Every structure is written in structure tokens, then in C-alpha cells.
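Predicted model, so just to flag it, every value in this text is computed and none were measured. Every heavy atom of this structure was used, including side-chain atoms; hydrogens, water molecules and symmetry mates were not. Sequential numbering from 1 along the given sequence is applied to the chain's residues.
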Amino acid sequence: MQIRRFKKEDILELTQLMTQLGYPTTSSQLQNRFEKLLNLPNYHIFIAELEGEVVGFAGLMKQWAFEFDGPYVRVLALVVDEKHRRKNIGQCLMQEVDNWSSNNDCVAVTLNSGNRDERKAAHQFYERLGYAAKSTGFTKNLRS
């Protein structure tokens with residue numbers, strides 16, 4: 001397995017992975033989002049590839065906090081193809097995030113994971129990697 005940077009050719013596979021993550025989208029929508037995000041210097045996408053197939057990705061953003069000194073990374077998306085879960089791919093992606101964060105002088109890595117029953121396995125995964133549940137996130141939709 002290899003962890004590498006995102007390439008435009010990955011869009012179709014990532015569209016399917018976003019749907020598995022619970023956020024159905026089209027390839028053109030995702031391409032438009034990524035074109036905007038990847039033109040900003042603090043956004044990065046790591047791809048997990050197994051035998052030439054894209055099997056997962058992690059999207060992150062480096063940012064600064066109000067509550068502590070130093071930059072940190074927020075993982076905005078992490079998904080492994082359902083056919084390839086429990087093969088340490090997610091762990092490898094998160095290790096790449098941790099390494100990148102350390103190499104870029106970040107003091108912490110944070111992420112949100114939904115409070116739905118189907119996310120319990122993800123919560124256990126993050127806890128095994130040393131992450132602690134510390135808050136509940138809230139969202140307000142401004143468009144109907």
C-alpha cells in the first residue's frame with residue numbers, strides 16, 4: 001500500500017468514497033470543491049492506493065486556534081473503501097496526517113465524527129489511535 005498526494009485523476013474514486021462516508025456527491029461537484037480547496041495553501045489530501053486502486057483518503061486543513069498557541073491540523077474527511085476496511089489503511093492515512101502535522105510545526109490534530117450509531121466503530125478506531133472524545137459539534141444549515 002502507498003500513501004501519496006491527490007491527483008486530478010482520483011476524482012471518480014473519491015466521489016464513490018464520499019458517498020460511502022455518507023455525503024453523496026457527483027464527480028463534477030467534488031472536482032469543483034477540490035479545485036477551490038487545493039488552491040488554498042492550508043488544504044491537503046492524502047490518497048491511499050493499493051495495487052493501483054484508490055482505497056481511501058484523508059483531507060485536512062492546517063489552521064490556528066483561539067484556545068492555544070501554535071497551528072494545528074483538522075481532519076475534514078477520512079474514509080476507507082468498505083471493501084478494504086480493517087487492513088490498517090485508515091491507520092496508515094492517519095499516521096501520514098500525524099507525520100505531516102509534526103513536520104509542519106503543528107501542536108495537535110483534531111477531527112469530528114458524527115454521533116450516529118453507525119459511527120461507533122470509527123470512534124473506537126480514533127480512540128485506539130490516541131484521540132480523545134472532547135466535544136460535541138453543532139451545525140446550522142443556512143440554505144434550505
Side-chain angles (χ1 to χ4, degrees), residues 1-50 54-82 84-144:
M1 193 206 34
Q2 171 190 7
I3 305 293
R4 62 169 173 78
R5 293 293 193 129
F6 167 79
K7 296 185 286 192
K8 289 182 181 179
E9 298 80 39
D10 298 326
I11 286 291
L12 184 59
E13 290 94 341
L14 296 189
T15 302
Q16 296 167 356
L17 290 173
M18 287 295 289
T19 298
Q20 289 183 24
L21 188 58
Y23 303 101
T25 188
T26 66
S27 294
S28 62
Q29 288 173 317
L30 194 60
Q31 184 172 346
N32 288 336
R33 288 180 208 150
F34 280 13
E35 284 175 2
K36 291 175 183 135
L37 294 176
L38 294 176
N39 282 324
L40 300 170
N42 290 341
Y43 285 82
H44 304 279
I45 300 170
F46 293 115
I47 301 294
E49 191 174 72
L50 184 63
V54 173
V55 295
F57 84 97
L60 61 100
M61 179 180 65
K62 180 180 177 181
Q63 55 191 34
W64 286 260
F66 287 99
E67 66 272 24
F68 55 82
D69 296 330
Y72 71 102
V73 162
R74 180 172 200 77
V75 177
L76 301 171
L78 175 71
V79 63
V80 173
D81 188 303
E82 55 198 14
H84 294 282
R85 292 185 184 155
R86 306 217 186 285
K87 297 180 182 177
N88 291 326
I89 295 167
Q91 184 173 346
C92 290
L93 281 165
M94 290 303 292
Q95 185 61 56
E96 188 69 23
V97 169
D98 288 351
N99 292 343
W100 187 93
S101 301
S102 292
N103 291 336
N104 285 276
D105 300 318
C106 295
V107 299
V109 176
T110 67
L111 56 89
N112 280 15
S113 183
N115 291 328
R116 303 177 309 275
D117 284 341
E118 64 267 20
R119 301 299 295 152
K120 285 183 181 179
H123 298 175
Q124 292 170 350
F125 166 76
Y126 295 126
E127 288 170 351
R128 281 194 306 275
L129 294 180
Y131 289 79
K134 293 186 88 177
S135 65
T136 298
F138 295 88
T139 301
K140 180 180 182 181
N141 191 350
L142 298 177
R143 296 184 185 175
S144 45

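The two atoms that bring Ala58 and Val97 nearest to each other are CB-CG2, 4.0 Å, heavy atoms only. Between Leu76 and Tyr43 the shortest heavy-atom distance is CD1-CE2, 3.6 Å. When all heavy atoms of Ser27 and Leu12 are compared, the closest pair comes out as OG-CD1, 3.6 Å. Scanning all heavy atoms of the two residues, the minimum distance from Val80 to Leu17 falls at C-CD2, 4.2 Å. The two residues Val109 and Ser101 have their closest heavy-atom pair at CG2-OG, 3.5 Å.
Residues Val107 and Asp69 fail the side-chain proximity criterion, which asks for heavy atoms closer than 4.5 Å. His44 is not listed as a side-chain neighbour of Asn104, based on a closest heavy-atom distance of 4.5 Å or more. Side-chain atoms of Phe46 and Asn99, non-hydrogen and from C-beta on, never get closer than 4.5 Å to each other. Side-chain contact between Lys62 and Tyr72 is absent, with no heavy atoms from C-beta onward closer than 4.5 Å. With contacts defined as side-chain heavy-atom distances shorter than 4.5 Å, the pair Thr26/Met18 does not qualify.
Interatomic distance, Met94 CE to Tyr131 OH, rounded to the nearest 0.5 Å: 3.0 Å. In this structure, the separation between CD1 on Ile45 and CZ on Arg5 is 9.5 Å, given to the nearest 0.5 Å. Interatomic distance, Leu60 CG to Leu78 CG, rounded to the nearest 0.5 Å: 10.5 Å. In this structure, NZ on Lys8 lies 9.5 Å from CG on Leu38, to the nearest 0.5 angstrom. Rounding to the nearest 0.5 Å places CE of Met1 at 4.0 Å from CD1 of Ile3. Rounding to the nearest 0.5 Å gives a distance of 12.0 Å between CG of Asp81 and CG of Leu21.
Looking only at distances, a side-chain donor or acceptor of Gln20 sits under 3.5 Å from a matching main-chain atom of Glu82. The backbone N or O of Lys7 sits less than 3.5 Å from a side-chain atom of Asp10, completing a donor-acceptor pair.
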task = Starting from the C-alpha separation in whole Å, work towards a yes-or-no answer on side chain to side chain contact (heavy atoms under 4.5 Å, CB included) for Arg33 and Thr25.
result = CA-CA 11 Å; Arg33 288 180 208 150; Thr25 188; 3.1 Å; yes
task = Evaluate the criterion side chain to side chain contact (heavy atoms under 4.5 Å, CB included) for residue pair Asn42 and Trp64; output intermediate values, then yes/no.
result = CA-CA 11 Å; Asn42 290 341; Trp64 286 260; 3.6 Å; yes
query = Taking it one step at a time, do Gln91 and Leu129 satisfy side chain to side chain contact (heavy atoms under 4.5 Å, CB included)?
reply = CA-CA 8 Å; Gln91 184 173 346; Leu129 294 180; 3.7 Å; yes
task = Apply side chain to side chain contact (heavy atoms under 4.5 Å, CB included) to Ile11 and Glu9, showing your working.
result = CA-CA 6 Å; Ile11 286 291; Glu9 298 80 39; over 6 Å; no
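Side-chain contact check for Glu35 and Gln31: at least one donor-acceptor pair (N or O, by modelled atom type) lies under 3.5 Å.
Using a 30° and 60° split on the angle between ring planes, Phe34 and Phe57 fall in the perpendicular class, above 60°.
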